[in-house]
Structures are given as C-alpha cells and as structure tokens.
Amino acid sequence: MKRWFRNTPIRYKIIIVFLPLIIIPLVLVGLFTNSIYTRVLISKSIQTVEDDSDLIITQLNSILKVTEASINTLLLEIDRTEREVEQMNATDKNELLLRNVLQTKLSLATMNFEDIDSAVFVDFNHNIYATDDFFTRGSQFPFINETMNKVMTIPTIQSVWFPMRKTAEPNKNGETFFLTLAKKVMNTETGDIYGVVLLNIREGTIANLYRNVGETDNRDYYIASSEGVISSVNKERVLKPIMDEGLRNNIITDNSGAELLEINGEDKLVTTASISHLGWKLMSETPLSILTKETKKVSRLLFYICCICLICALIFAGLLSKMIVNPLIKLTATMNQIKRGNFQVRSPIVSEDEVGLVASVLNQMINRINELVVDISIQQKKKREMELALIQMQIKPHFLYNTLDLIYVMTRAGEYKESENATLALARFYRTVLSQGKEIITIADEINNVKNYLIIQHSRYADIFEYEINIPDEVAKSEILKLTLQPLVENSIYHGLKYKVTPGKVSITGYLEEERIIISVLDTGIGIPAEKIKSLFSENNISETGSSFGFKSVDERIKLHFGEAYGLSVRSEYGSWTEVRITLPNVGGND
C-alpha cells in the first residue's frame, strides 16, 4: 500500500487525502445527527404516549367511578320503591306497578349516565327487570344466575366488578362484549336482601377512549390483564391471550414505562401504564419505523447535503490539483524528454514559485549539459582520431616491412608466382586501407581486404593455418567500418593458430538475423581462458606484438558509429577454438 501510494501521481494523492478529510466528518455528523434526532423523537413519542395514557386512564377511572356511584344511587331508588310497594296490598296491579317503576328507575340510571349501556335488577324470585330485552332472553340466564350467586356469597354489601365477557348474541347496539358491575340490593330498614343490580358497560365505550388517540402515529392502544386482552379497537384481539413473551412480562409485572421490543419480527416502542382500579394495564404499541420516518427524511436530506459537499470538495480538490499538478506535469514531461536523450527541450514554466524555480534550474542544467556534451563529443572525436591515426601508423610499417621481407625472400628463392601474388595482395590491401580517406566501406570491400591480408599471411604461415570465407551477397552489400575484420583475423593468427602444434583454420561467415547482420570469425587455435575473455575489452588492449587493434578498440568504434546495441562478443573453449561475433545494423544492404 505504501509503495502504491508513493507511486501514485500527485493529482490523485491530493484527492485521496481530501476524501477522508471530507467523508469522515460528514459521515460522523450524519450518524450523530441521526442518532440524536432519533433519540429525541423517541423521547418525545414516549412523553406523548405517557400523556395520552394518563388522559385515557383518567377518563376510564371516571367511567368506573361514575358507574359505581350510579349503582349506589340506583340501589337507594330500588330500596325505596320496594318498600313503597310492600306497603300496598299484593295484587297483580301492584306487581305491574312495581315493574313499571323499577323499569323507569333503571332507565333513568342509564339515561343519566350515558357510559352505562344497560341496567338489570334480579330479585329472589328470579324476576328480571332490565332496560334491554336482551337480558330477558334465555341465553343470558346462565350469566345472570352466576353473577347473582357470586354476589350473594359476599358477606358484605360491596360492588363487584366482573371480567369482560362475550355474549352469545349481540344486543340492540350490536355489542357482544360487556364489563359488568354488580351489587346486592338491601332493605335499609330491615336489612333484608331484595336481589342484585347489574350495570353493564360496553367494551366499545372503553375502546372509544383511545380509538382516535395516536391515530396519526399509528399507535395501537389496548387494555390487557394477565388473562389476555380486555379491550381493543381490533375486536378480534379481545379476550385473546397475548402470545409475545415480552408483552406478557410487562403485563404480569408491576413495571410501567417504555421500552423497545421486537414483536412479530418488527421493532416497536411499547409503553405500559397501570390501571390500579382494576389491576389492568393500558398498553401502547408504536412501530419504530413510524417513529423514525422523520429521521429517514432528515437522513436523506443529510445524504444529499453530504453528496453536494463531496462533489464540491472534489471539484475544489480537482482545481487545486490542477493548479499544483499541471506545472509539475509540464516539468515531468520535460524531464522525460531529457531522459530519452532530447537535450534541446526546455521547460515552459516561468512562474516564480517553487516549481518555477525548479524549472529554471532544470533549464540551466540542460544548457550546461549541452555545452558539456559538445565539449566531450569534440574531445572524444579528437581522441579517437588520434588513436586511429596512431594505430594505423603502427600497422602500416610493421605489416609493410614483414610483407616486403617475405616478397624479397620468395624472389631470392625463385618463387616468382608466389612473390607476384603477395605483391598484388599487398597493393590491394593498402588500396582498401587507404580507401581515399573513407571510414565506411561495404562488407564486400572489407572481405576483399581480409582476403588480401590472408593471402599474404598464408604465404608466410602456410604450414600453420588454412582459411575459409563464406559471405552471402545480401550481407556483402551492407556497410561496415574499415579495418573491422582484419584486426580480428590477425588476432586469430598471431594469438590462436600460431601457438598451436597442429595446423588450424580460420573461418569467416556472415548471415542475416532479423534486422541485424552477424559476421563470425572462428579459428581452431588454442582458445582463450574464460577468466581472460573479459579483459579483452579493457582499455588499450593491443596484442603483444603491438601490431593489431585491441578488441575494445574495434568494439568501441562500432558502438560509437552504430550505437550501443552493436559491437563484438567473444566465445571460446580453451585449447580448442575461439569465435568472435560482430553484430552490425543492416545498413545499405537493401539499396
């Protein structure tokens, strides 16, 4: 990662550094804002639910207390009516009067307290007086009898609340769920019991207390006890057990307050409030997704703001990068040109900042390098010319004297034909060496020059070596530096074949290899030790006789003229053979 970042262009480094500086604060602000806003919304929702729950409980307690007050008032009215009727003669007419009066008293109770759905009075003769014919039906007798028996077992005169129950059939209002308050009716003078009064409250009356509370927040209110749901807007839940364990624990325990629970796979805010009058619990369930709906809007808004800020930051980072990096790019382009060897290029940056200063120094360095290159080139050229001149001066007298001595000896010995051939070869050799001052000749001319040289040397060392030359026409047409092959052949004779006990051979071959020409000079002399091959290319490598070019001189001449990709290479097996390969460009071969 370090290496990747180090090698990344500066323009991208600036953006990479900018991104965390922008994204991290934006993400943190978004997360903190979202978290704080969510907590505030939940806290506000809890407070709202608690306030609504207090109001619902207050209204419910008011209904219960009004019902209890109503039943006490009704007991006094029934007691007075019963005593008045008892003072009359017991006739059917009085019985009818009693029924009418009791019916009126019961109806007045339901009219004065609208939360009471119906009132029922049952005497010891099982006569039923009710505000609704629904209670005189046979389907209600079991409940009436059960209620009367339970109330009569209580030694004191007190009100008894019976759990919410479901009737087999609906009443005139279509209601099937009722909450009942019952109490014994006693003669206040004698203490005799007349019967039992029942006041019924519809479950719908209780559900109306919270039907519209929290409707906009999709809050679900209901009243529950350990047995199950007592009242709910959803009638299918009434008198059904609560299956969720977390909700059951809240109802069974005395805990009140709010907590987050997962109910049926959905996170909900559940609040619990105690209804101490009857030991019930007012429950509220609000989906967390509803509470955080506004948070999602804020989150989306923050996301859009973050995106805008990020885009703006990237734009500014890009502009900053452009201002800083563009001069560096121009400077880098100039340096790349210099790296490729173009010392004529100059940096166009003229600013006075740090980059401008570097560009100015670079331009000065290029100028200085150009001056040095020119000086070095002139010096090298003069040096090579002097070296070549010196070497040629060494070659001419040494070779010339030896050849003339050879011709003289052959003439004295009467070998006129050999003397004639040697003289002709010597003339042709020097004609090629001089070449009217030309340094570049064709390979064919260089081969002819080597042939003339070999003719002369073979005349001197006929018992030492033979030679063979095989150069194709497509190779012979190409160009070569004058006196490239002759020094190598001379080295083969004087340093390879001359010291071998048995006769050897010099082979000169050439061939094309892709766009290059390869010329091989192979001798079967004594070879070169492996450790000495590298020293062949050392400075001023000249033969022990002082009569030949060194390998390095020939190699450098080729490289100076044709380039570093060309030159000499040497392979050898000590005691057996040596091969020198010349690699040249195919110049002039296709003309």
Side-chain angles (χ1 to χ4, degrees), residues 41-69 113-117 159-166 175-181 199-264 266-288 290-291:
L41 281 178
I42 292 176
S43 177
K44 184 179 178 181
S45 297
I46 291 173
Q47 186 61 47
T48 301
V49 172
E50 289 177 348
D51 292 342
D52 290 342
S53 297
D54 291 341
L55 178 60
I56 293 170
I57 292 173
T58 299
Q59 292 176 338
L60 179 58
N61 286 332
S62 176
I63 292 174
L64 298 177
K65 289 178 181 179
V66 166
T67 304
E68 290 175 351
F113 303 101
E114 60 182 9
D115 293 326
I116 300 174
D117 177 74
S159 300
V160 180
W161 284 100
F162 285 85
M164 187 72 70
R165 66 187 179 89
K166 182 178 182 180
E175 187 70 50
T176 58
F177 297 99
F178 293 96
L179 182 65
T180 302
L181 176 65
L199 295 183
N200 298 297
I201 301 174
R202 290 183 294 112
E203 186 274 333
T205 300
I206 299 174
N208 285 335
L209 295 178
Y210 46 78
R211 185 179 299 276
N212 297 323
V213 177
E215 184 176 4
T216 56
D217 294 334
N218 290 330
R219 288 201 298 269
D220 181 18
Y221 281 97
Y222 57 93
I223 296 174
S225 66
S226 57
E227 285 77 19
V229 177
I230 293 172
S231 174
S232 174
V233 174
N234 183 3
K235 301 305 178 186
E236 294 182 357
R237 297 183 64 183
V238 179
L239 299 183
K240 296 291 180 64
I242 294 177
M243 305 305 296
D244 187 81
E245 185 177 352
L247 289 176
R248 284 203 308 271
N249 291 336
N250 281 1
I251 294 170
I252 294 172
T253 61
D254 294 332
N255 295 336
S256 295
E259 65 176 317
L260 290 174
L261 295 176
E262 183 178 344
I263 302 174
N264 297 327
E266 183 180 10
D267 291 331
K268 292 185 178 182
L269 176 64
V270 178
T271 60
T272 306
S274 297
I275 304 174
S276 57
H277 197 81
L278 295 176
W280 295 344
K281 293 288 182 70
L282 175 62
M283 308 294 294
S284 169
E285 295 180 15
T286 307
L288 190 60
I290 301 299
L291 295 178

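Gln47 contributes atom CD, which lies 10.0 Å from atom CG of Asp52 (distance to the nearest 0.5 angstrom). The distance from atom CD1 of Ile275 to atom OG1 of Thr58, rounded to the nearest 0.5 Å, is 10.5 Å. Here the OG1 atom belonging to Thr272 is positioned 7.5 Å from the CG atom belonging to Leu247, to the nearest 0.5 angstrom. Once rounded to the nearest 0.5 Å, the distance linking OG1 of Thr67 with CH2 of Trp161 reads 4.5 Å. Between the CG atom in Asp51 and the CD1 atom in Ile56 there is a gap of 11.0 Å [rounded to 0.5 Å]. Once rounded to the nearest 0.5 Å, the distance linking CD of Glu245 with CG of Leu261 reads 11.0 Å.
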Side chain to side chain contact (heavy atoms under 4.5 Å, CB included) assessment of Val229 paired with Lys240
CA-CA 6 Å; Val229 177; Lys240 296 291 180 64; 5.5 Å; no
Under the salt bridge (Lys or Arg N to Asp or Glu O under 4.0 Å) criterion, do Lys268 and Asp220 qualify, and how do the steps go?
CA-CA 11 Å; Lys268 292 185 178 182; Asp220 181 18; over 6 Å; no
Begin from the C-alpha positions of Val66 and Ile116 and carry the test side chain to side chain contact (heavy atoms under 4.5 Å, CB included) through to its verdict.
CA-CA 9 Å; Val66 166; Ile116 300 174; 5.6 Å; no
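Between Pro163 and Leu179 the shortest heavy-atom distance is C-CD1, 4.2 Å. Of all non-hydrogen atoms in Ala273 and Ile57, the two that sit nearest each other are CB-CD1, 3.5 Å.
The shortest distance between side-chain heavy atoms of Ser225 and Lys281 does not fall below 4.5 Å. Residues Ile230 and Leu278 fail the side-chain proximity criterion, which asks for heavy atoms closer than 4.5 Å. Annotation: side chain of Ser45 is in contact with side chain of Leu269 (closest heavy-atom distance under 4.5 Å). The shortest distance between side-chain heavy atoms of Arg219 and Thr271 does not fall below 4.5 Å. Looking only at side-chain heavy atoms (C-beta outward), Ile223 and Tyr210 come within less than 4.5 Å of each other.
Arg211 contributes no side-chain N or O that, together with a main-chain N or O of Val233, makes up a donor-acceptor pair within less than 3.5 Å.
Applying the salt bridge (charged side-chain N to carboxylate O under 4.0 Å, His left out) test to pairs two or more places apart or on separate chains, none has a residue in residues 223-233.
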Give every donor-acceptor pair under 3.5 Å between a side-chain atom in residues 199-206 and any protein atom, sequence neighbours left out.
residue : atom : partner : partner atom : Å
Asn200  : OD1  : Thr180  : OG1          : 2.8
Asn200  : ND2  : Ser118  : OG           : 3.1
Arg202  : NE   : Asp117  : OD1          : 3.0
Glu203  : OE1  : Lys235  : NZ           : 2.2
Glu203  : OE2  : Ser231  : OG           : 2.6
Glu203  : OE2  : Ser232  : N            : 2.9

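Side-chain contact of Tyr222 with Glu285: a donor-acceptor pair under 3.5 Å is present, judged by distance alone.
The 12-atom threshold is not exceeded at CG of Asn264, counting heavy atoms of other residues, nucleotides or ligands nearer than 6.0 Å.
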